[in-house]
Chemist: 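Please find one structure pasted underneath; my questions will follow.
We name chains A, B, ... by the order of the sequence lines, and we start the count at 1 in each one.
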Amino acid sequence: MPELPEVEAARRGIAEQLLGRVLVGYELTRPALLVSAPGLTLDALVGSRLECVERHGKYLFLTFEPAVLVIHLKLAGQLVARGSGIPGFAAGHPVPAYDAPLPHKSTHLRFDFGGDAHLFLTDIRHFARVWLLPHDDLPAFRESLHLGPDVLDPAFTVETLRQGLARRTVGRLKPTLLDQSLVAGLGNIYVDESLWQAKLHPERTAASLTDAEIERLYEGIHTTMELALPTGGARILNSKAQTEVGKFPFVHGREGLPCPRCGTAIIKTRVNNRGTYLCPHCQPAP
DNA sequence: AACTACTCCTGGAGGC
DNA sequence: TGCCTCCAGGAGTAGT
């Protein structure tokens with residue numbers, strides 16, 4: 001569920017509030033969360049400064065002098081920072097609630113950044129992963145992820161998208177856009193929103209798209225990101241509870257409600273075994 | 001090559 | 001209230 005906007009919210013929170021601070025301790029309560037390179041433990045990071053925080057797609061890279069931490073929140077991970085010396089932030093899956101007491105029973109990792117500043121990784125479904133790698137291992141690790149350009153990277157252009165789609169002539173749009181090697185950062189929710197923006201049915205094939213439709217798809221992806229980024233994804237993750245009909249998100253979780261563009265009832269279907277929402281009028285089936 | 005099905009896991013929603 | 005079933009979904013893998 002945490003997709004690019006949610007992970008980007010975490011990156012910004014960490015960059016603004018924890019960058020430059022020294023890690024003074026940690027508590028790992030679910031060891032299976034962490035995959036460490038041989039001979040390396042989190043102890044290696046204690047006493048060193050958080051030097052850099054980057055994001056590529058849904059992966060976060062936290063650079064310390066001795067080693068690098070890589071975090072993927074998968075379906076239900078959340079990162080929450082709290083402490084009297086920082087404003088705090090919350091990003092990712094909204095369960096437990098962002099203001100719930102921490103640690104929660106599903107808090108698997110806590111980092112201590114001095115004073116009482118803490119970063120909590122909580123994951124009710126135990127899918128999230130953290131990797132601890134020596135710097136030298138990072139290039140090979142990143143290569144193994146097979147990530148395409150990040151959605152927000154200027155290297156991701158209409159031309160990039162066109163070329164990526166050209167290599168997948170048979171595949172349907174939805175699974176193609178979910179493939180992180182084409183473009184990194186989109187997940188089930190934002191693919192639905194992007195395709196609605198672009199007025200394209202998720203089961204259209206890449207090969208069937210005209211140049212104009214590819215441009216619409218590219219614009220649709222970016223429009224969706226521009227709507228989601230300022231909310232840190234919180235709005236879409238809580239869409240059923242918090243968002244009015246006709247406001248973003250437009251289709252996700254809105255089965256039976258009117259399409260904000262044409263009024264036709266949004267339908268829910270399954271594509272690639274994923275729950276998929278679309279407007280049958282705006283997004284005609286192939 | 002590209003699809004489907006399955007796996008990891010558990011909270012929350014809905015039915016009765 | 002409580003038990004049951006179903007559903008949610010990122011990404012890897014096995015099978016077709």
Side-chain angles (χ1 to χ4, degrees), chain A residues 1-8 10 29-35 55-60 70-79 91-98 100-109 121-131 141-148 150-151 163-195 202-208 228 233 236-242 249 251-256 267-278 286:
Chain A
M1 220 185 250
E3 304 178 30
L4 188 149
E6 294 80 33
V7 182
E8 176 63 12
T29 48
R30 206 179 74 84
L33 168 73
L34 179 70
V35 178
R55 182 191 57 75
H56 187 172
K58 302 166 196 171
Y59 288 85
L60 275 177
V70 184
I71 300 173
H72 196 305
L73 298 175
K74 295 289 181 90
L75 281 83
Q78 68 169 220
L79 285 168
H93 194 67
V95 179
Y98 288 162
L102 290 173
H104 181 269
K105 64 178 179 180
S106 293
T107 298
H108 305 309
L109 181 57
L121 195 162
T122 305
D123 175 21
I124 58 170
R125 291 185 199 153
H126 297 198
F127 287 129
R129 275 285 174 282
V130 176
W131 295 264
F141 178 81
R142 291 189 69 145
E143 193 136 330
S144 74
L145 301 176
H146 301 114
L147 294 180
D150 187 85
V151 174
Q163 289 168 7
L165 293 175
R167 279 184 269 111
R168 310 163 152 276
T169 52
V170 184
R172 297 169 299 167
L173 278 182
K174 178 145 186 179
T176 298
L177 292 172
L178 286 172
D179 182 344
Q180 303 296 297
S181 70
L182 176 75
V183 56
L186 299 176
N188 198 47
I189 295 170
Y190 293 111
V191 166
D192 282 1
E193 292 293 317
S194 298
L195 289 170
E203 294 186 288
R204 288 280 301 275
T205 60
S208 75
I236 203 160
L237 291 175
N238 291 296
S239 57
K240 283 174 190 168
Q242 294 190 356
V251 291
H252 176 78
R254 306 221 160 283
E255 183 181 17
I267 61 168
K268 182 184 181 187
T269 176
R270 288 190 91 76
V271 178
N272 207 35
N273 216 21
R274 296 269 179 257
T276 299
Y277 298 86
L278 62 93

Chemist: Would you mind reading off the distance between A:His108 atom NE2 and B:dC8 atom P, rounded to a whole angstrom?
Modeler: 16 Å
Chemist: How long is the span from the CG atom in A:Leu60 to the NE2 atom in A:His72, to the nearest 0.5 Å?
Modeler: 9.5 Å
Chemist: Between A:Asp192 (CG) and C:dG10 (P), how many Å, whole number?
Modeler: 10 Å
Chemist: How about A:Arg274 and A:Asn188: do any of their side-chain heavy atoms sit closer than 4.5 Å?
Modeler: yes
Chemist: Could you tell me the separation between the CG atom of A:Leu182 and the P atom of B:dA1, rounded to a whole number of Å?
Modeler: 16 Å
Chemist: Report yes if the side chains of A:Ser106 and A:Thr122 come closer than 4.5 Å at any heavy-atom pair, otherwise no.
Modeler: yes
Chemist: Looking across every strand, which nucleic acid part, if any, lies under 4.0 Å from A:Arg129 by heavy atom: base, sugar-phosphate, or nothing?
Modeler: nothing
Chemist: Detail all sub-3.5 Å separations between protein N/O atoms and N/O atoms belonging to nucleotides 3-6 of chain B.
Modeler:
{"residue": "B:dC3", "atom": "OP1", "partner": "A:Gly171", "partner atom": "N", "Å": "3.4"}
{"residue": "B:dC3", "atom": "OP1", "partner": "A:Arg172", "partner atom": "N", "Å": "3.2"}
{"residue": "B:dT4", "atom": "OP1", "partner": "A:Arg172", "partner atom": "NH2", "Å": "3.1"}
{"residue": "B:dT4", "atom": "OP2", "partner": "A:Arg172", "partner atom": "NH2", "Å": "2.9"}
{"residue": "B:dT4", "atom": "OP2", "partner": "A:Asn272", "partner atom": "OD1", "Å": "2.7"}

Chemist: If I take atom NE2 in residue A:His146 and atom P in nucleotide B:dA2, what distance separates them, rounded to the nearest angstrom?
Modeler: 15 Å
Chemist: Going from NE2 on A:His104 to CG on A:Leu121, what distance comes out if it is rounded to the nearest 0.5 angstrom?
Modeler: 13.0 Å
Chemist: Would you check if A:Pro249 and A:Ile189 make a side-chain contact, meaning some heavy-atom pair closer than 4.5 Å?
Modeler: no
Chemist: I want to check one thing: is the phosphate of C:dA11, taken as OP1 and OP2, less than 4.0 Å away from some side-chain N or O of A:Gln180?
Modeler: yes
Chemist: Quick check on C:dA11: is either OP1 or OP2 less than 4.0 Å from any side-chain nitrogen or oxygen of A:Lys58?
Modeler: yes
Chemist: Under the criterion salt bridge (charged side-chain N to carboxylate O under 4.0 Å, His left out), I'd like the reasoning laid out for A:Lys74 against A:Asp123: C-alpha separation, chi angles, the key distance, then a yes or no.
Modeler: CA-CA 9 Å; A:Lys74 295 289 181 90; A:Asp123 175 21; over 6 Å; no
Chemist: With respect to the phosphate group of C:dG10, does any side-chain polar atom (N or O) of A:His72 fall under 4.0 Å of OP1 or OP2?
Modeler: no
Chemist: Using the side chain to side chain donor-acceptor pair (under 3.5 Å) rule, pick out the option among A:Lys174, A:Arg168, A:His146 that qualifies with A:Asp179.
Modeler: A:Arg168
Chemist: Rounded to the Å, how far apart are A:Glu255 CD and C:dC7 C1'?
Modeler: 13 Å
Chemist: Identify the residue among A:His252, A:Glu3, A:Glu6 that makes a side chain to side chain donor-acceptor pair (under 3.5 Å) with A:Tyr190.
Modeler: A:Glu6
Chemist: How many whole angstroms separate atom CZ of A:Arg270 from atom C1' of C:dC7?
Modeler: 8 Å
Chemist: So if I apply the side-chain contact (heavy atoms from CB on, under 4.5 Å) rule between A:Val191 and each of A:Leu173, A:Thr176, A:Thr276, A:Leu178, which one comes out positive?
Modeler: A:Leu178
Chemist: Could you give the CG-to-P distance, from A:Leu178 to C:dA11, as a whole number of Å?
Modeler: 9 Å
Chemist: Are there any protein N/O atoms within less than 3.5 Å of an N/O atom in nucleotides 9-11 of chain B, and if so, which ones and at what distance?
Modeler:
{"residue": "B:dC9", "atom": "O4'", "partner": "A:Arg125", "partner atom": "O", "Å": "3.3"}
{"residue": "B:dT10", "atom": "O4'", "partner": "A:Ile124", "partner atom": "O", "Å": "3.2"}
{"residue": "B:dT10", "atom": "O2", "partner": "A:Arg125", "partner atom": "NE", "Å": "3.4"}

Chemist: Grab the CZ-P distance between A:Arg167 and B:dA1 for me, whole Å please.
Modeler: 12 Å
